[in-house]
Amino acid sequence: MRNPFVMDCGEFHVNYKQDLAIWKITRVRMRVFILLAVFAVFPMFASDYIIGLATLCGIAAIGAIGLNILTGFTGQISIGVGAFLGVGGYTSAILTAKLGLSFWIAMPTAGIVTAIVGGLFGLPSLRLKGLYLAIATLAAQVIILFVISRWDALTGGTAGMVLSRPELGSFVFYSERSYYYLMFVVLVITAIFTLNLFRSRVGRAFIAVRDRDVAAEVMGIDLFKYKVLAFIVSSFFVGIAGALLGHYTMVVSPELYSITVSIEYLAIILVGGLGSVFGSIYGAVFITLLPVVLRSGVELMSGVFPDLSAVLIGMKEVVFGLVIILFLIYEPQGLAKIWKNIKDYFKLWPFSY
Amino acid sequence: MGILEIKDATLKFGGVTALDHVSYGVQEGEIFSLIGPNGAGKTSMLNCISGLYKPSSGSIYFKGEDITRYKPHKRASRGIARAFQNIELFPQLSVLDNLMLGRHVRMKTGLLAGGIYWGKTQREEIEHRKKVEQVIDFLEIEDIRNTPVGTLSYGLQKRVETGRALALEPEILLLDEPMAGMNSEEKEDMARYIIDIHEEMNTTIILIEHDMGVVMDLSDHIAVLDFGKLIGYGTPEEIQNNSKVIEAYLGEENAV
C-alpha cells in the first residue's frame, strides 16, 4: 500500500510553470482546498460567539500579514501598527458617517490613506535601521494618536465615532455569519496577493533588502524605493484591517489603537513566524484566542478553587509575556516553523532519512 | 576609449587617502586585474566603480557616460555587476532566488502585477527562469538550485555569488578575490569559469586577486596599486619587470 504520508513521491514537474506554483503538489493543493472549504462552511454549524471570535482572528490575520510584509519580509521593525489600524478605522468612519459614502468605497480608500500615511512615516527608513527605525515608528504611533484624539472636529476626539455595518443593496452585514464571510473573502485575497508577491520580482527585492542591503543595492535594487514601498504595501493591508475592525465593532476611539495593540501585533508575527504568510494567520489565531482560552480555563478552575480566580484573572499579561519569551527561546521562527517541522517529519515517515 | 575610464579618482576618509589620483582605462572584452599589497585600495577602487563609495574628486566613465554620481542600483541597471570579497548572498533564499534577484534589473513586474501573478507576470518569471537555468548549467550548480544558500559550503557560495552577478548579464563584471580561501583544485575550477565567462559571454572582467600565478595567466592588463597610488599599469610581462612593483611587493633592494 502506498504510504499516505509520502507526498513527494511520483510527483514530477515537467515545466517551469509547475515548478513556480505556490502549492506544487496535487495532494497539497487538495489539502488547501479542503481547508478553505472547511472555513467557508463552518459558520453554518457554529454559534455566533465562535463565529465572532473567528472574525476577530481573521481581521487580526489581515493586519498581521500587512505587518509581516514590513517586519518579517523586509526586516523593518514597526511599532506603529496600532496607529495605522486607527488611521484605517477612522478614515472609513469619517468617509461613511460624515460624508455618507458607501463602505465599498470607504474600505479601499481607508487602505490607500493608511498606505500614504505609512509611506510618509517610512521615509526615515533609508537612514535608520533596526531599533532606530523602531523608535521612529514609535513616533508615528504617538503622533497619529495625538492627532486623532485632539482633532475633535474631524474625529470626535476622545469620545470616538460610531460606525454602521456595511450594506450591499438592501442586504446589511448585520449577522455575525455575514460579516465572517466578508472578512473571509478579504483575508483570502490578502493571503493570495501576498503569496504571489513573494514569488515575483518586488517581493524578492523586499527579502533581499532584509537579508543584505548592500548586496541588494549592488544588484540593482533601489533601497529607498523598496523600503518605502514596503511601508506602503504593509500599511495598505493594516488600513484595510482597521476599516474592517471598525465596522465590525461599530466604534472607533483612540484607546482602541494604543501601543498595546502594536505590541500585540508584533507578538502575533513573532509567535506565528516572521516572513511567513501562513505564520501570520496562525499567530493571529493563537494570540486572539489565548486570552479567551485562559479565561475559560480560569473559570473551570474556579469551580474547584474559588479563591484562585481572583489571582489568575490578572495572570493574562504574565502568560502573554511568557508565551512570547518561550517562542523566542525555543522556536524563533514561530508556529509556521513548528508546522513545517511536523510536515518534514512525516515526509519520510516511517523512515528516518 | 575603453568601456570603463577612471579619471583622476581620489577617495579620502578623513585624513586617510584610500585612492590618490588614480587614472586608468579598461578595454572592452578584456580581463583586467587590480593587484597590490593589503590595504592598497583595491576594494575601495571596486567600491567606487560599483557606487558604494563616491570618489572625493575625479570621475568615472562607463561607455562614455559619466557615472560618478550615480547610485549603485542605477549602475547595476547599466550593466555593472559585482561579486564581493566577503560573501554577500541572501542566506535564507535558495540558490534559484538568489540568481533571480540577479535578474532584478532585467525584469519589469511591478507590485500589483506581482501580487496578481497572472499572464504577463508569469510569462516573465518563466522567461527569466530559463536565463537563470543557463547560468546554473554554466556553473554546474544544478544539484543545489533549491538549497538555501546559507547552508552551502564556502566554495559553493563563492560560485553562487559569481552566478548571481552573471545572471545580471553584465557588460562588466567585478570580481573581488573570487579565489580567496580556496584550495588549488577549487582555484583551478574558478579560473576556468572566469575564462569561460570571458570567452563565451564576451564579458569584460575586472579581477582582484592575490594569487599571482592566476593573475599573470588570466589578465590582459594589470594595474598595481600601493597605498592608494597607481604604481604600475601594463601587460603581465611589463608588470613582472616593473621595478616599482617589485619594490612594493618585496621591499627595496638594499634594505633586504
Side-chain angles (χ1 to χ4, degrees), chain A residues 8 13 15-22 24 65 69 72-73 75 115 126 189-226 228-230 232-234 236-237 274-277 333 337, chain B residues 46-47 50-52 71-84 87-93 96-98 100-118 121-130 132-133 145-146 149-150 161 164-165 167-168 174:
Chain A
D8 288 352
H13 302 146
N15 58 38
Y16 290 132
K17 191 180 163 185
Q18 288 171 356
D19 197 41
L20 290 171
I22 301 179
K24 296 184 175 69
I65 291 176
I69 293 175
F73 285 105
L126 180 67
I189 293 172
T190 309
I192 290 179
F193 184 92
T194 315
L195 284 171
N196 278 333
L197 185 65
F198 287 100
R199 59 178 177 141
S200 62
R201 177 172 174 264
V202 177
R204 272 196 302 266
F206 283 165
I207 299 176
V209 170
R210 173 193 70 188
D211 280 359
R212 287 282 151 91
D213 51 355
V214 175
E217 210 180 1
V218 170
M219 294 323 295
I221 292 162
D222 185 346
L223 285 187
F224 184 58
K225 179 181 152 194
Y226 280 94
V228 175
L229 200 59
I232 290 175
V233 188
S234 158
F236 178 81
F237 288 123
L274 288 171
S276 159
V277 174
Q333 298 184 53
K337 177 71 177 173
Chain B
L46 277 206
N47 281 343
S50 60
L52 293 173
K71 286 197 163 169
H73 64 87
K74 217 171 161 190
R75 299 183 191 210
S77 67
R78 295 289 188 280
I80 299 179
R82 165 166 190 189
F84 289 85
I87 296 166
E88 295 270 357
L89 288 162
F90 309 112
Q92 295 184 36
L93 291 176
L96 260 178
D97 281 336
N98 268 279
M100 284 301 277
L101 269 161
R103 292 209 62 80
H104 184 84
V105 296
R106 304 276 175 231
M107 297 172 78
K108 287 191 186 65
T109 308
L111 176 79
L112 281 177
I116 294 161
Y117 204 86
W118 198 261
T121 309
Q122 195 174 37
R123 282 200 300 278
E124 193 187 35
E125 284 287 321
I126 290 171
E127 180 194 318
H128 287 269
R129 171 72 185 270
K130 283 179 187 158
V132 162
E133 289 290 345
R145 59 160 81 80
N146 286 318
V149 168
E161 197 178 10
R164 188 182 62 183
L168 199 141
L174 315 176

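Computed over heavy atoms, backbone and side chain alike; hydrogens, waters and symmetry mates excluded. First the proteins, then the strands, lettered A, B, ... as listed; each starts at 1.
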ask   = Are His73(B) and Leu223(A) side-chain neighbours, meaning at least one heavy-atom pair lies under 4.5 Å?
value = no
request  = Counting only heavy atoms closer than 4.5 Å, note whether Leu168(B) contacts chain A via side chain, backbone, both or neither.
outcome  = side chain
note = NZ of Lys71(B) to CZ of Phe224(A), rounded to nearest 0.5 Å, is 7.5 Å
note = CD of Glu124(B) to OG of Ser200(A), rounded to nearest 0.5 Å, is 9.0 Å
query = With only heavy atoms counted, which part of Leu174(B) is less than 4.5 Å from chain A, the side chain, the backbone, both or neither?
reply = neither
key: Part of Arg164(B) within contact of chain A (heavy atom distance under 4.5 Å)   = both
query = Going by heavy atoms in the side chains, are Ile221(A) and Leu101(B) under 4.5 Å from each other?
reply = yes
note = Looking only at Gly114(B), Ala81(B), Ala113(B), the option with the highest number of non-hydrogen pairs under 4.5 Å against chain A is Gly114(B)
query = Any donor-acceptor pair under 3.5 Å linking the side chain of Arg82(B) with the backbone of Val218(A)?
reply = no
ask   = Roughly how far, to the nearest 0.5 Å, is CZ of Phe198(A) from CG of Asp97(B)?
value = 12.0 Å
query = Who wins among Arg199(A), Arg210(A), Lys17(A) for the most heavy-atom pairs under 4.5 Å with chain B?
reply = Arg199(A)
remark   = chain A shares the most heavy-atom pairs under 4.5 Å, among Arg123(B), His128(B), Met100(B), Arg78(B), with Met100(B)
inquiry  = If you compare all heavy atoms of Arg212(A) against all heavy atoms of Phe90(B), which two are closest, and at what distance to 0.1 Å?
reply    = O-CE2, 3.5 Å
request  = Heavy-atom pairs under 4.5 Å with chain B are the metric here; pick the option from Val202(A), Leu197(A), Ile207(A), Asp222(A) that has the most.
outcome  = Asp222(A)
query = What closest approach, in Å, do Met219(A) and Ala165(B) show between heavy atoms, and which atom pair accounts for it?
reply = CE-CA, 4.3 Å
key: Arg201(A) side-chain N/O to Gly110(B) backbone N/O, donor-acceptor pair under 3.5 Å   = no
Region of Phe236(A) that comes under 4.5 Å of a non-hydrogen atom in chain B = neither
ask   = Side-chain contact, heavy-atom cut-off 4.5 Å: Leu112(B) with Phe193(A)?
value = yes
message = Please classify the contact of Leu52(B) with chain A as side chain, backbone, both or neither, using a heavy-atom distance under 4.5 Å.
response = side chain
Region of Lys108(B) that comes under 4.5 Å of a non-hydrogen atom in chain A = backbone
task = May I ask you to test the Leu20(A)-Tyr117(B) pair for a side-chain heavy-atom distance under 4.5 Å?
result = yes
request  = Look at Gly220(A), Gly203(A), Ala216(A), Ala205(A) and state which one has the largest set of heavy-atom pairs under 4.5 Å with chain B.
outcome  = Gly220(A)
request  = Could you tell me whether the side chain of Asp211(A) reaches within less than 4.5 Å of the side chain of Gln92(B), counting heavy atoms only?
outcome  = yes
Toward chain A, the part of Gln122(B) with a non-hydrogen atom under 4.5 Å = side chain
query = With chain B, which of Asp19(A), Asn15(A), Leu229(A), Ile192(A) has the greatest number of heavy-atom pairs at distances under 4.5 Å?
reply = Asp19(A)
inquiry  = Tell me whether Gln333(A) at atom CD has more than 12 heavy atoms from other residues, nucleotides or ligands lying less than 6.0 Å away.
reply    = no
